[in-house]
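Each remark here refers to the structure printed beneath this line.
For the numbers below, each heavy atom of this structure counts, side chains included, while hydrogens, waters and symmetry mates do not. The model shown is predicted, which means the values in this text are computed figures rather than measured ones. Each chain gets a letter, A, B and so on, in the order the sequences are listed, and its residues count up from 1.
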Amino acid sequence: MPSAQKITALRGMRDVFSAEYARYQAIQARLERHLRLHSYIAIDLPILENTELYLRKSGEDIADRLYEFDFKSRRVALRPEVTASILRAYVERLQDEPLPLRIQYSGPVFRYEKPQQHRYRQFTLTGAELLGADGPRADAEVLHLACSGLEQLGVTDYSLTIGHTALLEEFLNRLGLRKQLVNFLLRNMENLRKRGLKAVLESLETIYPEFQGAALAAESANANDAEQSQRLINVLREMTDSEAHQAVTDFLHSLNIRIAANRDEGEVIERLLRKIREDQQAPKLQLALDFMQRLGDLAGAPADVLPGARALAEEFDLDRDILMSLERTLNCLAEYGESPGRTQLDFGMNRGLHYYTGLIFELHAAAPDGEPIQLAGGGRYDNLVSTLGGSEPTPAAGFAYGIERLDSVLPSDNDRSPEPAVFVIPVAEEDYAAGIGIAADLRAQGIAVEMSIVDRTLRRSLRHADRRGAALVVIIGEDERRQRAAILRDMRSHQERQVGLADLTRIVVERLSEHE
RNA sequence: GUGGGCGUAGCUCAAUGGCAGAGCACCUGAUUGUGGUUCAGGCGGUUGAGGGUUCGAGCCCCUUCGUCCACCCCA
């Protein structure tokens, strides 16, 4: 026989066989039930979406991990996560639902990454979204839901790490850094701590060569050669956009300077401001990095971290509500009965998806080899509905579990694939009709039946039934055919008896219940 | 993207540079209507692909592809 080229599964894609598949299904079913008991309605959404859905806000890292292609002149992508689809569906079809709206989902997602242990290119998420509610109660519900789901599964030794994107974002926005730079810094918050200032600056220069000067200046940290003209700039730097705009307008007017009539005055001032601010990127970058380093040090038990966070917020005059709200969330979580010992705060954490606007969190537990792996992640994304064209700004938060990861953490209680309870062996061609009838009767009683369809000796058929783990075997041969009966053989006790066809189903049911 | 390991029968893997093997699975028989054991036999290979060194390459060298693992990132 000429052997053709073997076709293998794509890299990072896995075939999931019976025992493993049964475990996944059990995990998923338990989580879905858990979410349902919290009134999260299950919905199912397409796996294929418009590429645009993920480019808008998910972030650049996800964009180049997208399975994305042109199909009939349309850009489509396999979903790398489900939140965007949920909100897309909400904007499209569900905006007339009373809020808050609670939704759950389960299904595969695809990310083109280098596969390795506990990381596949296709994996399964079960997640929940809470739409139209914000504040500590909503955040705490989401956190509690994620944690208690793990407990439902029997994962007891897990840790909850909570971060927050708003402090840094507020600080960076007030600084007036260029949008690109702000995004870069937000993305590299965690890298700053893990790999240090130098590595972050290097990567900044690689990605955005135009900031090279700024990065260098920030590194040498003495970009402040004050000139006279610098004073106005420094004043402007401290202002918000609209304040600065007004100040420049007033200033020009007071000097009786007229902008050329063919150009929009506002636009000219915008440009002027932008120019001034670009010149100021270096010292601002320095400020930003200092702030980020201090923020990154704020990690540990909430009681240890919060005082430092408060002091930092005070020092930079950041919105007090952010931390107060976070504390209330933690208190509320305690009311749910979550043991505070496993909760960590980490202001240096950031996440791969860039739509988060507030609370972010991750759940970790130890894999069998002792290495901690992430089981779930989520957070708050209050702008995503608007980004996707929602008619009203709608706060939202959610999270998702990785089913395969959960399985790797749970003890594999060797539950075997469902075994056929009864194996039916017609000995000769003439016996098949009777065999089919018997099988149908048994199945009508909810009993799993495997029918022998291969030409084999009785000996080999029994051997096969045995290996399959059948509890009972029904044999129909010449004698039985004549007597309108069958042999019922108990594979465990090795005992067999002839049973009339009329009584067979009843007796099989009895025998199986004895086997239980 | 960077670094390492491994590609040999359907599966899991052996084989100092010298006849390509074992276990499992499948099939046949010992036992023609009775099982997980045993015994005998059978099927099964372009050693991932291409090139090089050599009297001789599964083994050494180069290239390439595949795959696993680590970094990175994440579920």
> In the strands shown, is B:U32 matched to any nucleotide by a Watson-Crick or G-U wobble pair with both distances under 3.5 Å, and which?
Replying inline: none
> Among the nucleotides B:G33, B:C74, B:C71, which one has an atom lying closest to any side-chain atom of A:Q116?
Replying inline: B:C71
> So what does A:E478 touch, heavy atoms closer than 4.0 Å: a base, only the sugar-phosphate, or nothing?
Replying inline: base
>> From the set B:C73, B:A70, B:U34, return the single nucleotide nearest to any side-chain atom of A:I475.
In response: B:U34
> The side chain of A:E113 lies closest to which of these nucleotides: B:U31, B:U28, B:C74?
Replying inline: B:C74
>> Side chain of A:D479 only, heavy atoms from C-beta on: which candidate in B:G33, B:C68, B:A30 is closest?
In response: B:G33
>> If I take atom CG in residue A:L10 and atom P in nucleotide B:G66, what distance separates them, rounded to the nearest angstrom?
In response: 11 Å
>> So for A:R460 and B:G29, does any side-chain atom that can act as donor or acceptor lie under 3.5 Å from a complementary atom in the base?
In response: yes
> Looking for any heavy atom pair under 4.0 Å, which part of the strands does A:I425 touch: base, sugar-phosphate only, or nothing?
Replying inline: nothing
> With rounding to whole Å, what would you report as the distance between B:G42 and B:G23 at their P atoms?
Replying inline: 13 Å
> If you check every side-chain atom of A:R11, which of B:C68, B:U34, B:A75 has the closest atom?
Replying inline: B:C68
> Of the nucleotides B:A75, B:C27, B:U34, which one has an atom closest to the side chain of A:R111?
Replying inline: B:A75
> Contact class for A:H464 (heavy atom, under 4.0 Å): base, sugar-phosphate, or nothing?
Replying inline: nothing
>> With a 3.5 Å limit on both atom pairs, tell me what B:U47 is paired to, counting Watson-Crick and G-U wobble, or say none.
In response: none
>> Evaluate A:Q28 against A:T126 for side chain to side chain donor-acceptor pair (under 3.5 Å), listing each step before the verdict.
In response: CA-CA 7 Å; A:Q28 208 167 297; A:T126 290; 4.5 Å; no
> With under 30° as parallel and over 60° as perpendicular, where do the rings of A:Y336 and A:H144 fit, or are they tilted in between?
Replying inline: parallel
>> Ignoring hydrogens, what is the shortest heavy-atom contact between A:H464 and A:E450? Give both atom names and the distance.
In response: NE2-OE2, 3.3 Å
> What integer number of Å spans the P atoms of B:C43 and B:G29?
Replying inline: 16 Å
> What distance, rounded to whole Å, do you find between the two C1' atoms, one in B:G45 and one in B:U53?
Replying inline: 25 Å
> If you look only at pairs with a residue in residues 139-154 of chain A, which of them pass as a salt bridge (Lys or Arg N to Asp or Glu O under 4.0 Å), with sequence neighbours excluded?
Replying inline: A:R102-A:E141, A:D139-A:R380, A:E151-A:R342
> Where the side chain of A:R463 is concerned, which of B:G36, B:C69, B:G33 is the nearest nucleotide?
Replying inline: B:G36
> Taking the side chain of A:Q374 as its heavy atoms from C-beta onward, which of B:U38, B:A75, B:G33 lies nearest to it?
Replying inline: B:A75
> A:L31 has an atom CG; how far is it from atom C1' of B:A75, in whole Å?
Replying inline: 13 Å
> Atom NE2 of A:H118 to atom P of B:C73: distance rounded to whole Å?
Replying inline: 19 Å
>> If you assign each of A:H364 and A:I476 to its closest nucleotide in RNA chain B, which residue comes earlier from the 5' end?
In response: A:I476
> What is the pairing partner of B:G23, taking Watson-Crick or G-U wobble pairs with both distances under 3.5 Å in any strand?
Replying inline: B:C11
> Considering heavy-atom distances to RNA chain B, does A:A9 or A:E404 have its closest nucleotide positioned more toward the 5' end?
Replying inline: A:A9
> With both distances under 3.5 Å as the test, what is the Watson-Crick or G-U wobble partner of B:U53?
Replying inline: none
> When the distance from CZ of A:R14 to P of B:U67 is rounded to whole Å, what number comes out?
Replying inline: 15 Å
>> By the 4.0 Å heavy-atom rule, please label A:D455 as base, sugar-phosphate, or nothing.
In response: nothing
>> Using every non-hydrogen atom in the two residues, find where A:A77 and A:L66 come nearest and quote the distance to one decimal.
In response: CB-CG, 3.9 Å
> If we take the P atom in both B:G48 and B:A15, what is their distance in whole Å?
Replying inline: 15 Å
>> My understanding is that a pair needs two contacts under 3.5 Å, Watson-Crick or G-U wobble. By that rule, which nucleotide pairs with B:G17?
In response: none
>> Does A:L458 reach a base, just sugar-phosphate, or nothing at all? Heavy atoms under 4.0 Å.
In response: base
> When the C1' atoms of B:U12 and B:U32 are considered, how many whole Å apart are they?
Replying inline: 36 Å
> Just how far, in rounded Å, is P of B:C73 from CD of A:Q117?
Replying inline: 18 Å
>> Looking at B:A70, which nucleotide sits across from it as a Watson-Crick or G-U wobble partner, both distances under 3.5 angstrom, or is there none?
In response: B:U2
> Base, sugar-phosphate alone, or nothing: which one does A:R456 contact when heavy atoms must sit under 4.0 Å apart?
Replying inline: sugar-phosphate
> Hey, do the aromatic rings of A:H34 and A:Y40 have their centres closer than 6.0 Å?
Replying inline: no
>> Let's test this: given Watson-Crick or G-U wobble pairing with both distances under 3.5 Å, identify the partner of B:G58.
In response: none
> Between B:U64 and B:G56, how far is it from one C1' atom to the other, in whole Å?
Replying inline: 25 Å
> Which nucleotide in the list B:A75, B:G35, B:C72 gets nearest to the side chain of A:M491?
Replying inline: B:G35
> Considering only the P atoms, how many Å lie between B:U54 and B:C61, rounded to the nearest integer?
Replying inline: 16 Å
>> Once hydrogens and angles are ignored, does a donor-acceptor distance under 3.5 Å link the base of B:U31 to the side chain of A:R459?
In response: yes
>> Which heavy atom of A:I476 sits nearest to which heavy atom of A:A485, and what is that distance?
In response: CG2-O, 4.1 Å
>> Distance check, rounded to the nearest 0.5 Å: A:L326 atom CG versus A:H164 atom NE2?
In response: 5.5 Å
> Does the B:C74 base have a donor-acceptor partner in the side chain of A:R405 within less than 3.5 Å?
Replying inline: yes
>> Parallel, tilted or perpendicular, judged at 30° and 60°: which one describes the rings of A:F110 and A:Y67?
In response: perpendicular
>> At 4.0 Å (heavy atoms only), tell me whether A:E480 reaches a base, stays on the sugar-phosphate, or touches nothing.
In response: base
> B:C72, B:U31, B:A70: which one has an atom nearest the side-chain heavy atoms of A:K114?
Replying inline: B:A70
>> Mind checking if A:R467 touches a base, just sugar-phosphate, or nothing, with heavy atoms under 4.0 Å?
In response: sugar-phosphate
>> Distance check needed: B:C73 P versus A:R121 CZ, whole Å only.
In response: 18 Å
> Considering Watson-Crick and G-U wobble pairs with both distances under 3.5 Å, what does B:U37 pair with?
Replying inline: none
>> Between B:G58 and B:U8, how many Å separate the two C1' atoms, rounded to a whole number?
In response: 6 Å
> Whole Å only: how far is the CZ atom of A:F17 from the C1' atom of B:C11?
Replying inline: 11 Å
>> Checking side-chain contact (heavy atoms from CB on, under 4.5 Å) between A:D441 and each of A:T505, A:V449, A:I436, A:I447, which is the one that passes?
In response: A:T505
> What is the distance from CZ of A:F123 to C1' of B:A75, rounded to the nearest Å?
Replying inline: 5 Å
> Under the criteria of a ring-centre distance below 5.5 Å and an interplanar angle below 30°, is A:Y401 stacked with the base of B:A75?
Replying inline: no
